[in-house]
Colleague: 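The following block contains the structure, expressed as structure tokens.
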Amino acid sequence: MKSVIVAGALALAAAHVAVAQDSSALRLRLSLADAVEVGHRAPLIVLPYAIADSAGPASQPFNLAKELGNVVVLVFYAPTATTADDWRAIAAHLQSRLTQGVVVAGVSSLRVADEVAFAHAIASPFKFLSDEGSTVARRYGAVTGRGSRGMTLVLVDRDGVVRRVEISFTPRAAKAFVGLDAAMAAALRR
């Protein structure tokens with residue numbers, strides 16, 4: 001009788017573990033399915049950041065919710081041999097928009113100190129967010145189980161709604177900014 005009870009308890013425990021694993025997998029699938037989509041609210045971002053001459057104050061991380069009222073261009077990137085050239089192209093095109101209520105932020109898995117060095121090396125006017133565990137990048141669909149998708153651009157309007165997602169954004173391509181410019185102009189008119 002005791003062996004039947006023990007076997008039943010073990011079967012119940014195994015079933016509980018299987019259900020827990022299945023629900024974790026389900027939550028993961030739902031979380032990935034709920035990743036950033038045009039027309040939906042942008043997922044929360046609160047990350048430490050760097051600018052060209054220093055790290056942002058630890059007590060005041062970049063918080064997407066505090067940027068409401070601005071149009072926010074997020075560029076998720078993985079450091080490569082061409083990253084500096086890509087960011088120079090982004091700066092050449094978007095720097096003049098910073099006075100028009102546009103915020104541009106790079107997001108990578110680099111540490112804050114490395115982000116400071118990178119921003120300084122390219123004399124960037126933008127904030128670079130440190131997403132060391134790539135948690136935010138995963139939430140935004142910029143990283144898959146196999147790693148980075150290259151540069152991913154996400155435009156968030158003044159109300160916090162995603163208005164454009166561009167996977168494999170190539171800022172040095174001839175027509176790289178055509179769709180972004182149209183989406184940005186529409187978001188600024190809202």
Side-chain angles (χ1 to χ4, degrees), residues 28 31-32 34-38 42-67 70-98 102-156 162-181 183-184:
L28 177 60
S31 143
L32 290 174
D34 289 343
V36 67
E37 285 186 44
V38 172
L44 177 67
I45 296 177
V46 178
L47 290 172
Y49 71 91
I51 54 176
D53 59 356
S54 66
S59 63
Q60 297 174 352
F62 178 91
N63 184 339
L64 185 60
K66 290 184 179 180
E67 297 298 337
N70 294 305
V71 172
V72 180
V73 178
L74 300 167
V75 181
F76 293 86
Y77 72 99
T80 67
T82 62
T83 301
D85 291 334
D86 289 337
W87 275 101
R88 285 184 188 100
I90 292 168
H93 192 81
L94 294 179
Q95 188 166 0
S96 65
R97 301 287 187 131
L98 298 179
V102 174
V103 173
V104 179
V107 184
S108 82
S109 62
L110 292 174
R111 296 173 313 138
V112 172
D114 295 330
E115 294 281 19
V116 171
F118 177 70
H120 180 75
I122 63 170
S124 176
F126 309 130
K127 291 181 179 177
F128 288 88
L129 314 183
S130 175
D131 182 20
E132 282 192 59
S134 296
T135 304
V136 172
R138 278 189 195 83
R139 198 174 316 143
Y140 274 77
V143 173
T144 66
R146 295 184 180 143
S148 173
R149 293 180 156 183
M151 282 191 150
T152 297
L153 181 138
V154 178
L155 179 102
V156 179
V162 174
R163 295 295 170 196
R164 181 169 184 83
V165 176
E166 197 168 328
I167 305 291
S168 299
F169 176 61
T170 53
R172 291 179 290 138
K175 296 185 180 189
F177 294 97
V178 173
L180 173 62
D181 286 344
M184 198 176 326

Colleague: Nearest 0.5 Å, what's the CD1-CG distance between I45 and N63?
Modeller: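 These two atoms lie 9.0 Å from each other.
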Colleague: Any side-chain heavy atom of L94 sitting closer than 4.5 Å to one from M184?
Modeller: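 Contact flag for L94/M184 side chains = yes.
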Colleague: Under the criterion side-chain contact (heavy atoms from CB on, under 4.5 Å), I'd like the reasoning laid out for R97 against D181: C-alpha separation, chi angles, the key distance, then a yes or no.
Modeller: CA-CA 10 Å; R97 301 287 187 131; D181 286 344; 3.9 Å; yes
Colleague: To the nearest 0.5 Å, how far apart are CE in M151 and OG in S108?
Modeller: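 Atom-to-atom, M151:CE and S108:OG are 10.0 Å apart.
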Colleague: Of all heavy-atom pairs between V36 and Y140, which one has the smallest distance, and what is that distance?
Modeller: CG1-O, 2.9 Å
Colleague: Validate the cation-pi geometry between K127 and Y49: distance from NZ or CZ to the six-membered ring centre under 6.0 Å, angle to the ring axis within 45°.
Modeller: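 Ring-cation test returns yes.
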Colleague: Roughly how far, to the nearest 0.5 Å, is the CG atom of L155 from the CZ atom of R164?
Modeller: 8.5 Å
Colleague: With side chains defined as the heavy atoms from C-beta onward, is the minimum distance between V156 and E67 less than 4.5 Å?
Modeller: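 No, too far: nothing below the 4.5 Å cut-off.
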Colleague: Closest heavy-atom contact between L64 and A42?
Modeller: CD2-CB, 3.7 Å
Colleague: Please find the pair of heavy atoms, one from V73 and one from L180, that lie closest to each other, and give the distance.
Modeller: CG2-CD1, 4.5 Å
Colleague: Got a second to check how far E115's CD is from S109's OG, nearest 0.5 Å?
Modeller: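 If I round to the nearest 0.5 Å, the distance is 8.0 Å.
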Colleague: Does a side-chain heavy-atom distance below 4.5 Å link V143 with F76?
Modeller: no
Colleague: Taking T135's backbone N and O only, do any of them form a donor-acceptor pair with D131's side chain (distance below 3.5 Å, no angle check)?
Modeller: yes
Colleague: Using ring pair (Phe, Tyr, Trp, His ring centres under 6.0 Å) as the criterion, point out the one residue from Y77, W87, F177 that pairs with F169.
Modeller: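 With F169 as partner, ring pair (Phe, Tyr, Trp, His ring centres under 6.0 Å) holds for just one option, F177.
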Colleague: Show your reasoning for whether side-chain contact (heavy atoms from CB on, under 4.5 Å) applies to V103 and F62.
Modeller: CA-CA 11 Å; V103 173; F62 178 91; 4.3 Å; yes
Colleague: Any idea which heavy atoms bring T170 and A176 closest together, and the distance?
Modeller: O-CB, 3.0 Å
Colleague: Less than 4.5 Å apart, any side-chain heavy atom of I122 and any of F128?
Modeller: yes
Colleague: Taking the side chain as every heavy atom from C-beta outward, state whether R172 and T82 have any pair of such atoms under 4.5 Å apart.
Modeller: yes
Colleague: So do D86 and V75 actually touch side chain to side chain, heavy atoms under 4.5 Å?
Modeller: no
Colleague: Considering non-hydrogen atoms only, spot the tightest contact between L110 and S130 and give its length.
Modeller: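 Taking every non-hydrogen atom into account, O-OG, 2.6 Å.
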Colleague: Considering non-hydrogen atoms only, spot the tightest contact between A55 and V112 and give its length.
Modeller: CB-CG1, 3.4 Å
Colleague: Side-chain contact test, heavy atoms from C-beta onward, threshold under 4.5 Å: evaluate it for H93 versus P171 and give yes or no.
Modeller: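 Not touching, per the 4.5 Å side-chain cut-off.
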